[in-house]
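Before any comments, here is the structure.
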Amino acid sequence: MMLATPAAGVVLILAWIYPSHALYFHIGETEKKCFIEEIPDETMVIGKYRTQLWDKLTDSFLAATPGLGMHVEIKDPDTKIILSRQYGSDGRFTFTSHTPGEHQICLHSNSTKMALFAGGKLRVHLDIQVGEHTNNYPEIAAKDKLTELQLRARQLLDQVEQIQKEQNYQRYREERFRMTSESTNQRVLWWSIAQTLILIVTGIWQMKHLKSFFEAKKLV
Amino acid sequence: MRRRWLNLDSPVFEIIFTMDLLRRKEGSGGRVLVLAVVFGWCLGSVSCFGQNLDSELTFLLQAGKSECFFQTAIKNGTMEVEYQVISGAGMDVDFTIISPEGVHLIFESRRSDGVHVVEPTVEGDYEICFDNSFSHFSEKMVFFEIIIEGQAGDVTGDEEWPGLEEPDGSLLEYKLDDIRESMDSLHKRLERSRQMQTVLRAFEARDRNLLEDNLWRVSFWSCASVLVMLCVALTQVYTVRKLFDDKRRVCS
């Protein structure tokens, strides 16, 4: 059937990039919006977005924005850029974290107007999925030839694995937290002792210096 | 009675359904293409009932600014919004939820965290706003989570993954249904655990940021204090010396 493939293709494309039930927000044309995702390592993150441009003539948001793309920049916890790409007005970006921590996802439109003159407003629908929510189960079922119950079991296993990863990451964070806390306590203690010593030493020095000064001036 | 599992699956479920349709309807290519486009579009834009949606975001709210997010809700669903300020000087923010009709449902001033449930929801876009205008210098990092649940109770959903083989369950159908029910309940609870983990993670991030701020403050003020002490000591000595210096001699 000749039209089967394009039909399936169209639906596939629509499903692939359509963040159906997502949140949306407004962003100026030259504005940059950043979101922070704190994730454990070796976790896949898929973000889907869709943009609409405010049309002054019809006073509403246009269905699709021709020509206006979005630049996506993703930084890892060490502020190293792991993804910096330009996508169209509808797009999908994906990355896998290699270090646990706060990853920063920044979006801004590729409008070339200056900040003062660009009065346009964009509506961005964004959907970010983390971990096992990124798995495409029907695809996995087709690849591994699983029955429905096997697929459900697989999904449960993935969920539990993700929860376990989060727990491990939580343990690592708690350890870091404890180290910072102990470091603060140490610092407070040592600084107090150091300040007391400095006060005593300064006092003694002052006395000695003034005594020798007055003796030199023959006042004492 | 099978329940829907993942929200992201629904457009993909549509692919399988459509492919099944294509297989069966030989020779009606044109109509099927239109059907596929319409179906894909519709399912993409209409929220399917009985689903559990969850979006969470963490963002930086600049000083003196306000940020709003919009979430589409279905009729008679439940929307739970939970937010937390995880970093910033005062650790508080103004929070508002505005219904699609423009009614200010919830307004909280200068709170550091909160949980709100809007039930039942009307069809439309709810506006969730965070306002940091009262603060002139400190920027806040805010974490929020929106959980939307479809109609609770009876969900006569279509098959989740219909293209799959099923084990020959005609004799054991009732047993399989039991297994499916418990797997379903397990799935829901695991999702809830995951959501709790997210909230706990936000709490921990907030405490960690606070602690790191404290550490910086302790170091800074200790150094400043030592410098001030040394300056004061030197100034005292110098002043006393100055008093007794020069031609104005006190009796020697």
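Residue numbering restarts at 1 for every chain, and letters A, B, ... go by the order of the sequence lines.
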So among A/Q170, A/Q167, A/E166, which one has a side chain to side chain donor-acceptor pair (under 3.5 Å) with B/Q197? A/Q167
So how far is it from B/I128 CD1 to B/I146 CD1, rounded to the nearest 0.5 Å? 3.5 Å
One thing to verify: whether A/K48 and A/D90 come together as a salt bridge, which I'm taking to mean a side-chain N less than 4.0 angstrom from a carboxylate O. no
Return the orientation label for the B/F69 and B/F130 ring planes: parallel under 30°, perpendicular over 60°, tilted otherwise. perpendicular
Most chain A-contacting option - heavy-atom pairs closer than 4.5 Å, from B/M141, B/R194, B/M229, B/E212: B/R194
Please list all pairs passing the ring-ring contact (aromatic ring centres under 6.0 Å, His included) test where one or both residues lie in residues 140-165 of chain A, with sequence neighbours left out. none
Given that the side chain runs from C-beta out, which part of A/S192 has a heavy atom under 4.5 Å from chain B: side chain, backbone, both or neither? neither
Contact part of B/E127 toward chain A, heavy-atom cut-off under 4.5 Å: side chain, backbone, both or neither? neither
Tell me whether B/E204 is salt-bridged to B/R208, with the criterion being a basic N under 4.0 Å from an acidic carboxylate O. yes
Scored by heavy-atom pairs under 4.5 Å with chain A, the best of B/D125, B/T198, B/L234, B/L230 is B/D125
Contact class of A/I198 relative to chain B, heavy atoms under 4.5 angstrom: side chain
Between chain B and each of A/F25, A/W205, A/F213, count heavy-atom pairs under 4.5 Å; write down the option with the most. A/F213
Can you say whether A/Y24 sits under 4.5 Å from chain B via the side chain, the backbone, both, or neither, judging by heavy atoms? both
Contact origin within A/T202 toward chain B - heavy atom pairs under 4.5 Å: side chain
For chain B, the option from A/E174, A/R173, A/Q150 that forms the most heavy-atom pairs under 4.5 Å: A/R173
Between B/K65 and B/E139, does a salt bridge (Lys or Arg N to Asp or Glu O under 4.0 Å) hold up when you go through it step by step? CA-CA 9 Å; B/K65 290 241 170 74; B/E139 50 182 29; over 6 Å; no
With a 4.5 angstrom heavy-atom cut-off, could you sort out which part of A/K33 is near chain B: side chain, backbone, both or neither? side chain
